[in-house]
Amino acid sequence: MPSQIDLHSHSTVSDGTLPPAELVAHAAARGVRVLALTDHDDLDGLEEAATAAAAAGVTFINGVEISVTWHKRTIHVVGLKVSPGYAPLAEGLRQLREGRHERARGMAASLDGVGITGSLEGAYEHAKRGIISRSHFARFLVERGHAKDVGAVFKKFLVKGKPGYFEHRWASLEDAVGWITGSGGIAVLAHPGRYDLGKTNMLTLLHEFRELGGKAVEVVTGSHTPEMVPHFARLAHQFDLLASAGSDYHGPGQTYLDMGRLPELPHGCVPVWHDWPECAGWDIQGEVVRAA
Ligand code: AMP
Ligand code: MN
Ligand code: MN
Ligand code: MN
């Protein structure tokens with residue numbers, strides 16, 4: 001049975017295609033009972049999602065996914081149970097959002113350079129209410145017929161060495177983890193299988209992340225292959241980190257996994273929710289084993 005706990009998802013506030021309330025309704029319909037909304041660098045959807053979750057009987061967890069530059073590479077840190085009112089977090093995210101506008105102009109200029117015009121306006125058309133991201137440029141490029149789908153866009157455009165790529169500096173790992181933990185939240189290293197780091201750098205990242213106050217690693221996530229799951233379960237254990245699970249859902253027909261289809265955490269993992277009162281009585285597989 002798939003897990004009923006999903007701690008990574010996106011709404012129209014970042015690069016998802018469903019507004020927060022519709023995202024929650026979709027989660028509920030798919031059997032998700034504990035949901036975190038983790039929009040990129042933005043907390044704006046949390047209130048709307050929490051209200052919808054209360055109405056749908058879904059337990060809602062405030063979340064965020066922070067963009068980080070670590071040794072010239074982009075990595076993502078999810079914050080769970082963050083407090084939106086914590087000023088350093090709110091201000092840090094505001095700066096990241098501002099930087100995204102500047103980067104978008106650079107990306108558009110790069111696309112102009114290969115004769116693809118109008119991408120800045122086109123991407124903002126897709127950015128309905130929050131941040132501007134590469135996903136919005138990707139949707140514009142699909143619309144214009146430059147690739148068959150968003151997945152194909154990221155093979156030809158928007159990545160290092162390809163048109164539309166623009167070097168950008170995100171938050172430091174120290175700041176991202178600090179904002180999350182300072183706000184009372186739990187820092188989770190997102191989808192580690194997606195970072196092309198090599199073995200040694202991955203160990204260094206996990207070590208630094210933990211030293212800085214990071215608490216968990218996404219072991220189960222929409223973009224991990226079946227081989228990556230036990231691999232990161234072992235690394236989590238080795239570094240004494242908790243294990244998290246989230247679909248990284250971005251909306252119907254988008255890449256990554258649909259909600260309500262997450263596999264169980266492997267045995268031996270200590271789930272990030274192990275001591276959450278909301279999840280009292282849930283086992284590591286995200287199923288209720290006894291009345292709470
Ligand atoms: P940004 O934070 O603006 O750089 O955009 C990153 C987002 O682009 C990620 O959160 C994904 O939603 C999306 N993305 C990145 N790489 C891919 C890919 N290979 N396939 C589909 N979506 C991707
Ligand atoms: Mn995304
Ligand atoms: Mn991510
Ligand atoms: Mn994500």
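Ligands are counted one by one from 1 in listed order, and the atoms in each one are counted from 1 as well. A quick note: this is a predicted structure, and the numbers were derived from the prediction, not measured.
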Asker: What heavy-atom pair brings S14 and I131 nearest, and what distance separates the two atoms?
Answerer: CA-CG1, 3.4 Å
Asker: Excluding waters, which protein N, O or S atoms are within less than 2.8 Å of the Mn ion (ligand 4)?
Answerer: H8 NE2, H10 NE2, E65 OE1, D248 OD1
Asker: Please list all pairs meeting salt bridge (Lys or Arg N to Asp or Glu O under 4.0 Å) that have one or both residues in residues 73-83, counting only residues at least two apart or in different chains.
Answerer: K81-E278
Asker: Looking only at N, O or S atoms, which one in D15 sits nearest to the Mn ion (ligand 2)?
Answerer: OD2
Asker: For H146, what residues pass the ring-ring contact (aromatic ring centres under 6.0 Å, His included) criterion, not counting sequence neighbours?
Answerer: none
Asker: Got a sec, which hydrophobics cluster with V13, joining ILVMFWY side chains under 4.5 Å apart, including via others?
Answerer: none
Asker: Below 4.5 Å, heavy atoms only, C-beta onward: do T17 and H250 meet side chain to side chain?
Answerer: no
Asker: Using 30° and 60° as the class boundaries, would you call the ring planes of Y249 and H26 parallel, tilted or perpendicular?
Answerer: parallel
